[in-house]
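All heavy atoms count here, side chains included; hydrogens, waters and symmetry mates do not. Lettering follows sequence order; numbering is per chain, from 1.
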There are 2 protein chains.
Amino acid sequence: MLTQVEENYIKALLHLASQDRAMTQQEGVGTNDLAAYLQVKPSTVNEMLKRLKEKELVNHKKYGKINLTAAGTRTGLGIVRKHRLWETFLCTKLEFDWDEVHDIAEQLEHIRSDKLIDKIDKFLGYPKYDPHGDPIPDNHGNIPKRDTQKLSNVGLDHSCRVLAVRDTSTAFLQYLEQLNIAINTIIEIKEKIPYDGTLRVEIDGKAAVLSNKVSENILVE
Amino acid sequence: MLTQVEENYIKALLHLASQDRAMTQQEGVGTNDLAAYLQVKPSTVNEMLKRLKEKELVNHKKYGKINLTAAGTRTGLGIVRKHRLWETFLCTKLEFDWDEVHDIAEQLEHIRSDKLIDKIDKFLGYPKYDPHGDPIPDNHGNIPKRDTQKLSNVGLDHSCRVLAVRDTSTAFLQYLEQLNIAINTIIEIKEKIPYDGTLRVEIDGKAAVLSNKVSENILVE
DNA sequence: TAAATAAGTTAGGTTATACTAACAAATTGA
DNA sequence: TCAATTTGTTAGTATAACCTAACTTATTTA
C-alpha cells in the first residue's frame with residue numbers, strides 16, 4: 001500500500017521517462033530532474049528513492065539514473081488511468097472546463113477503490129481519451145496507440161487536426177481557448193519563421209500566430 | 001487549511017456531540033471517548049486537541065469536556081455535507097449498494113474543492129437525504145429537520161416507516177438487507193419482550209424478530 | 001589534465017501523527 | 001473519607017516527508 005506522496009513520485013517518474021524517450025537528447029532521469037519536477041529538494045528525493053527501492057518499484061544505483069521496475073510502471077499506469085478517468089468525468093458529467101480539472105483530478109486519483117474506478121469507467125462509457133486528448137490506460141495498463149506529432153513539426157501548407165495537448169496547466173489551456181483551439185480543431189500552417197519557429201496559422205478561417213512553445217505542446221494528425 | 005486527520009477529528013467530535021445530546025445519560029465528550037471512537041490512544045487525542053484549540057475549532061480546558069466552537073461546527077458540517085453527497089452519488093449514479101459506500105465516501109469527503117461539491121450537489125438534483133436517510137446539510141450548514149424516533153421506542157401495534165439508520169457499517173446494513181429492511185420499509189410492532197427489548201415485528205406481511213441493538217439503530221416515523 | 005561546475009549523497013533538524021510508559025487529577029464506592 | 005478505579009496529561013520515541021548545510025562523485029572545459 002503506497003502513500004499519496006509515494007504515488008506522486010511514481011507518477012512523476014512515469015511522466016519523466018516518457019518525456020525522456022520522446023526528446024532524443026537526454027538519457028535517463030536523475031535525482032535532480034525528479035526533484036525539480038516535484039518541487040522538492042534532491043535530498044528528499046534521495047530518501048524517497050530508498051523506500052521505493054525497498055518496495056521494488058524503482059531501480060537505482062548510487063550516482064546512477066532512476067528507472068521504474070515493471071511493478072512500478074504498472075502502478076504508475078493505474079494512477080494515470082484514475083487521473084484521466086476522473087478528468088473525463090469532471091468535464092463530461094459535471095461540465096467543468098478542461099482547464100479546471102487537473103488539480104481536482106490530482107486529488108481524486110489517490111482514492112483507493114478498484115470498484116469505484118471501474119464503475120466510473122463504465123458510467124463514462126469506457127472512454128479511450130481524456131478531455132486533453134491523452135489516452136486512458138485500461139484495466140491492465142494498456143494504452144491505445146495513436147500516431148501523433150507536435151504541431152511544430154508539421155510542414156508548410158498542411159492542414160491538421162488537434163488530437164491532444166502536452167501541457168494541462170490552466171494558463172496554457174485558457175490561452176488555447178482564447179486562440180479558439182480545442183481538441184479536433186483544424187489548423188492550417190501558413191508560414192514558419194525560421195528564426196524562432198513561430199507559426200502563422202489559420203484557425204476556423206481566421207489568421208493567428210503561435211509561438212514555438214505553444215506549437216510544441218499541441219499534438220496533431 | 002486542515003489536514004485530513006484534523007478533519008476526521010472534527011467530524012468525530014460533531015458525531016459524538018450529537019449522539020451525546022440524543023442519549024440523555026452522559027454529559028459531554030471526553031478525551032477517552034474521542035480516542036475510542038477514532039481508534040487512537042488518548043495521548044494522541046491530547047496532542048491533536050492542542051492544535052485544534054490553536055486553530056480555534058475546539059474548546060477544551062484541562063481535565064474538562066471537549067466542545068466544538070462555532071467555526072468547528074461549521075467545518076464539521078461541511079465535511080458531513082461532502083460525505084453524504086458523495087454517498088448519494090455512489091448509490092444513485094454508480095449503482096453501489098448502500099452498504100458499500102461508507103468507506104469510499106470517507107476518502108472522497110476530503111477532496112478540496114467547493115466548486116466540485118456544489119456541482120455534485122446540482123448533478124444529483126440537490127438531494128435532502130443520503131442513501132441511509134441521513135439529512136444532507138446545505139451550503140450554509142443548515143440541516144433539514146425531521147421528526148424521527150428509534151424503532152425501539154415505538155409502541156405496540158403501531159406501524160411505522162423507516163426513515164434512516166444510525167449505523168452505516170457494512171455488517172449492519174447487510175443484515176438489514178437480509179431482513180428486507182430498507183429506507184421507507186413499513187414495520188409493524190407485534191410484541192415487545194420486556195426482558196431485553198427484543199421486538200417481534202411484521203415486514204411486508206412476514207414475521208421477523210429484531211434485537212434491541214438493531215431496533216435502536218433504526219429511525220422511523 | 002586539473003580546476004571549476006554540476007549532480008548526487010549524507011547528516012542532522014522539523015512537523016504531523018502516531019505510539020508507550022509514567023504520572024496526576026477526578027470520580028466512585030466501601 | 002480515603003482507597004481504588006477511571007480519566008486525562010506529560011514525556012519521550014517512531015515514521016513519513018520535508019528541509020539546510022556539508023560533503024563526495026561525475027562531468028565539463030580552459
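Proximity note for A:Glu47 (side chain, C-beta onward) versus D:dG8, C:dC19, C:dG12: the nearest is C:dG12. Taking only side-chain atoms of A:Thr3, from C-beta outward, the nucleotide of C:dA18, D:dA16, C:dG8 with the closest atom is D:dA16. Of the candidate nucleotides C:dT10, D:dA16, C:dG8, D:dA16 has the atom nearest to the side chain of A:Arg51. Taking the side chain of B:Pro42 as heavy atoms from C-beta on, and the options D:dC18, D:dT9, C:dG8, the nearest nucleotide is D:dT9. Of the candidates D:dT10, C:dG8, D:dG8, the closest approach to any side-chain atom of B:Thr31 belongs to D:dG8.
DNA chain D is contacted by both A:Val5 and B:Lys62; B:Lys62 maps to the nucleotide lying nearer its 5′ end (nearest heavy atom per residue). For A:Glu6 and B:His60, each mapped to the nucleotide of DNA chain D holding its nearest heavy atom, the one lying further toward the 5' end belongs to B:His60.
In this structure, B:Leu38 places its CG atom 12 Å from C1' of C:dA18, rounding to the nearest Å. Rounded to a whole Å, the OH atom of A:Tyr37 is 21 Å from the C1' atom of C:dA7. In this structure, the CD atom of A:Gln39 is 18 Å from the P atom of D:dA17, given to the nearest Å. One atom, CG of A:Leu2, and another, C1' of D:dA16, lie 13 Å apart when rounded to the nearest Å. We find that CE of A:Met48 is positioned 17 Å from C1' of C:dT9, with the value rounded to whole Å. Going from atom CD of A:Glu27 over to atom C1' of C:dA7 covers 13 Å, rounded to whole Å. Across the protein-nucleic acid pair, A:Leu52 atom CG and D:dA16 atom P stand 12 Å apart, rounded to whole Å. Whole-Å rounding puts the B:Lys50 NZ to D:dA11 P distance at 10 Å.
Ring geometry for A:Phe89 against A:Phe123 counts as tilted: the plane angle lies between 30° and 60°, on a 0 to 90° scale.
Relative to the six-membered ring of A:Tyr9, A:Arg51 misses at least one condition, a distance below 6.0 Å or an angle of at most 45° to the axis.
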Which protein N or O atoms sit under 3.5 Å from an N or O of nucleotides 20-24 of chain D?
from: D:dT20; atom 1: O4; to: A:Ser43; atom 2: OG; distance (Å): 2.8

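Taking 4.5 Å as the limit, every side-chain heavy atom of B:Val29 sits out of range of all side-chain heavy atoms of B:Tyr37.
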Residue pair B:Glu7, B:Arg112: steps toward the salt bridge (charged side-chain N to carboxylate O under 4.0 Å, His left out) verdict: CA-CA 12 Å; B:Glu7 286 191 350; B:Arg112 279 165 220 294; 3.6 Å; yes
**Asked** Can you list the steps and then say if A:His83 with A:Asp130 is a side chain to side chain donor-acceptor pair (under 3.5 Å)?
**Response** CA-CA 9 Å; A:His83 183 95; A:Asp130 78 10; over 6 Å; no
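Listed pair A:Asn46 / C:dT9 meets the phosphate criterion, a side-chain N or O lying under 4.0 Å from OP1 or OP2.
A salt bridge is defined here as a Lys NZ or Arg NE, NH1 or NH2 lying under 4.0 Å from an Asp or Glu carboxylate O, and B:Arg81 with B:Asp118 meets this definition.
Judged purely by atom type and a 3.5 angstrom limit, B:Asp97 has no side-chain atom pairing as donor or acceptor with the backbone of B:Asp99.
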